[in-house]
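Below: the structure, in structure tokens.
Atoms within a ligand are numbered from 1 in the order they appear, just like the ligands themselves. Computed from a predicted model, the values in this text were never measured in an experiment.
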Amino acid sequence: METVTTDREACWLTTESSKPRTEKLLLSLVGDAPMFATIRRLCQNHAAKFFVETAITDRDTGKSNVIIGTWTSLGKESTPNLGSEGYTIFSEEGRLWIVAEEERGLLYGFYHFLKEIQLGTPLLEISAQEKPANVFRMINHWDNMDGSVERGYAGRSLFFEGGSFTKDEDCMRSYAELLSSVGINALTINNVNVHEQESALITNRWLPEVAWLAKLFQEYGLTLFLSINYASPITIGGLDTADPLETSVADWWERQVERIYGSIPSFGGFVVKADSEHRPGPFSYGRTHADGANMLAKALKPYGGHLFWRCFVYDCLQDWRDRSTDRARAAYDHFAPLDGAFADNVILQIKSGPMDFQVREAVSPLIGALKQTKHVIELQITQEYTGQQIDVCYLPPQWKEILDFDTHANGKDTTVADLVSGRANGGFGQGMTAVVNTGRDENWTGHSFAQANLYGYGQLAWNPKRCLHAIAEEWADRTYPYLPKNVRKTIVSIQECSWIVYESYTSPLGIGWMVNPGHHYGPNVNGYEFSPWGTYHFSDRNGLGVDRTRKGSNYVSQYAEPVGSRYENLQTCPDELLLFFHHVPYTHVLTSGKTVIQHIYDSHFDGVEQVKAFIAAWESHKQELPEALYQHVRVKFDAQLANAVEWRDQVNTYYYRMSGIEDKHGRTIYR
Ligand code: GCU
């Protein structure tokens with residue numbers, strides 16, 4: 001039995017082929033694109049192992065079987081308009097051509113070639129014409145300089161340790177390859193909660209290190225951004241204010257930005273979390289978010305920099321007795337009235353849902369409400385509320401549902417995907433960003449299956465319309481080529497239903513939360529119920545759920561019609577979001593025909609059985625699996641089962657006690 005590598009870098013890009021090819025690779029890199037150095041390295045590290053022999057030349061000798069170059073360097077007439085990142089692959093006169101307008105397109109074209117080589121496609125049958133749907137395909141690291149990672153479930157930070165940079169070039173290059181191989185083109189390296197140490201990243205003390213990283217990532221088409229502390233003029237600048245309308249503050253930022261671009265010409269700009277969860281912001285000075293953002297954007301503008309300004313702004317010091325404040329309303333209430341007031345290099349960063357990356361929530365109504373402001377959607381790849389890379393929870397089906405959601409913002413068929421890509425709003429949509437799930441653990445993400453979330457994110461950010469099943473299969477085929485096909489099929493089917501399984505044994509019907517406060521793993525029905533965070537379910541002996549209808553918090557009115565009315569109406573509100581929008585009695589009958597209480601019991605019992613079925617499927621392949629991989633996943637499954645059982649028993653017991661209603665099937669509920 002072949003042994004599986006469990007080293008840190010094992011991934012879809014690094015696995016060996018089970019079927020080595022019989023050809024030689026004679027590759028010509030035509031032209032003088034700096035990106036060719038990267039392509040050469042990728043070829044040596046990843047492509048060469050598939051061929052009996054590999055040779056690379058820097059001009060077309062006529063003998064090469066694969067030729068890479070821009071339309072100009074190859075002296076060919078550019079046909080399709082695929083932009084700076086698009087590429088074409090075609091065969092002509094018995095040779096394969098990878099051609100693009102610009103060098104980043106060449107890089108992505110080469111990755112495409114690599115993928116097909118891995119999957120065993122005959123050389124001359126490789127063909128593609130690709131262009132990314134989104135301008136920004138970004139990831140955000142929530143890494144701190146002490147090496148910890150906020151909401152990180154894959155070990156220590158890749159970038160930092162002990163208050164300094166790790167500066168591990170091999171690791172950084174492998175990581176840059178991992179990201180760019182799925183089309184990601186921008187990243188932040190530090191946490192949105194910028195503490196004292198990280199505030200200094202923009203100073204001379206750390207700029208050389210940031211510049212080193214930025215240059216390395218740039219070689220892979222990745223633009224580096226930093227998260228900044230809004231109060232930096234005070235924290236590191238010695239001023240007594242961070243008021244955006246104070247000239248001294250604006251001047252201070254201008255000087256910082258000038259210094260940054262002096263060291264890092266490719267620098268992307270800043271990401272800002274302001275006036276959110278105790279982070280400083282313009283509210284302290286009676287200024288608006290537009291005032292705050294525009295001042296920073298002005299400093300970045302001369303260098304082509306962008307300012308990502310997060311819309312995760314809400315009152316986190318609520319009183320649970322106050323039913324008039326609804327956290328779900330906050331992003332829209334703060335930002336929709338400011339539409340059009342932001343500078344053109346400000347990009348608002350909107351969490352996909354109005355609360356906070358729950359296993360299920362409605363789509364943020366702010367997406368679609370912004371008609372004249374640039375924006376991106378923010379997703380969470382790291383599994384904070386979705387199993388923390390212990391439980392399997394493959395998230396692309398959730399993201400696809402969000403991206404396919406019809407907001408009706410510009411009439412029927414205005415999907416989130418078309419809004420964030422800018423297709424439906426004249427370019428105001430700027431793409432996607434996501435909190436990433438990687439760290440220094442083995443295979444980058446701790447749980448080997450969790451890698452698929454990063455893979456799927458990259459694929460959907462490149463093309464939100466791509467078939468989900470194809471993405472899942474492709475990831476499994478590339479990551480585990482040494483496994484028999486039937487085992488890969490099992491892995492794919494577990495992945496594909498895992499989000500729904502996770503949902504079934506956690507918080508019911510879209511209500512969210514019910515997690516242990518602080519770390520957010522495991523059940524605690526009332527963990528946040530009487531806390532200041534504004535995350536309530538309002539369960540009592542009569543019923544549960546949040547009334548967000550017109551008679552309640554009126555959150556439904558933030559949606560375009562007929563979406564708002566669909567949620568308002570009990571008959572048309574989808575079951576899976578019922579408790580997100582309505583407070584109902586336990587005996588309320590869902591469109592599925594079950595009562596709410598029976599649904600709670602059934603889904604929680606069922607969720608545990610499904611996890612047992614995952615384990616049984618895994619066990620059935622024990623003989624076909626390398627021991628290390630078998631054990632790696634089995635250990636996680638055992639922990640997932642324990643978690644699912646705990647959720648089932650806590651939630652069912654809680655609602656049995658609250659409602660006093662028996663389970664129709666008489667199963668054991670811990671009374
Ligand atoms: C969540 C998460 C925090 C994070 C915040 C954010 O609340 O638990 O750790 O800082 O989101 O997105 O800013």
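Closest to atom 12 (O) of ligand 1 by heavy atom, among K351, K273, M355, is K351.
Between the side chains of D146 and S148, at least one donor-acceptor pair of N or O atoms lies under 3.5 Å.
For ligand 1, the polar-atom distance check against E378 finds no nitrogen or oxygen pair separated by under 3.5 Å.
By the 6.0 Å and 45° rule, R329 does not stack over the aromatic ring of Y555. Under the 6.0 Å distance and 45° angle rule, R151 does not count as a cation-pi partner of Y385.
Closest to atom 9 (O) of ligand 1, if we only count protein heavy atoms, is E150 OE2, 2.5 Å. Distance from atom 5 (C) of ligand 1 to its nearest protein heavy atom, with residue and atom name: E277 OE1, 3.3 Å.
Classification of the F159-H141 ring pair by plane angle, with boundaries at 30° and 60°, yields perpendicular.
Close approach of ligand 1 to R151 is summarised as follows: ligand atoms under 4.0 Å from at least one heavy atom of the residue are 2 (C), 3 (C), 8 (O), 9 (O). Against a heavy-atom cut-off of under 4.0 Å, E384 is close to the following atoms of ligand 1: 2 (C), 8 (O). Applying the 4.0 Å criterion to heavy atoms of F312 picks out, from ligand 1, the atoms 5 (C), 6 (C), 7 (O), 11 (O), 12 (O), 13 (O). Ligand-side atoms of ligand 1 in range of H520: 8 (O), range being under 4.0 angstrom from any heavy atom.
The pair R360-E401 meets the salt-bridge criterion, since a charged nitrogen lies less than 4.0 angstrom from a carboxylate oxygen. Ion pair K301/D344 flagged as a salt bridge, since at least one NZ, NE, NH1 or NH2 atom sits closer than 4.0 Å to an Asp/Glu carboxylate oxygen.
If you look at N193 next to ligand 1, the close heavy atoms, those under 4.0 Å, all belong to the side chain. Contacts of D356 with ligand 1, taken as heavy-atom pairs under 4.0 Å, involve the side chain alone.
Each of Y314, F283, F312 was scored for a ring pair (Phe, Tyr, Trp, His ring centres under 6.0 Å) with H334, with one residue passing: F283.
At least one heavy atom of W142 lies less than 4.0 angstrom from ligand 1.
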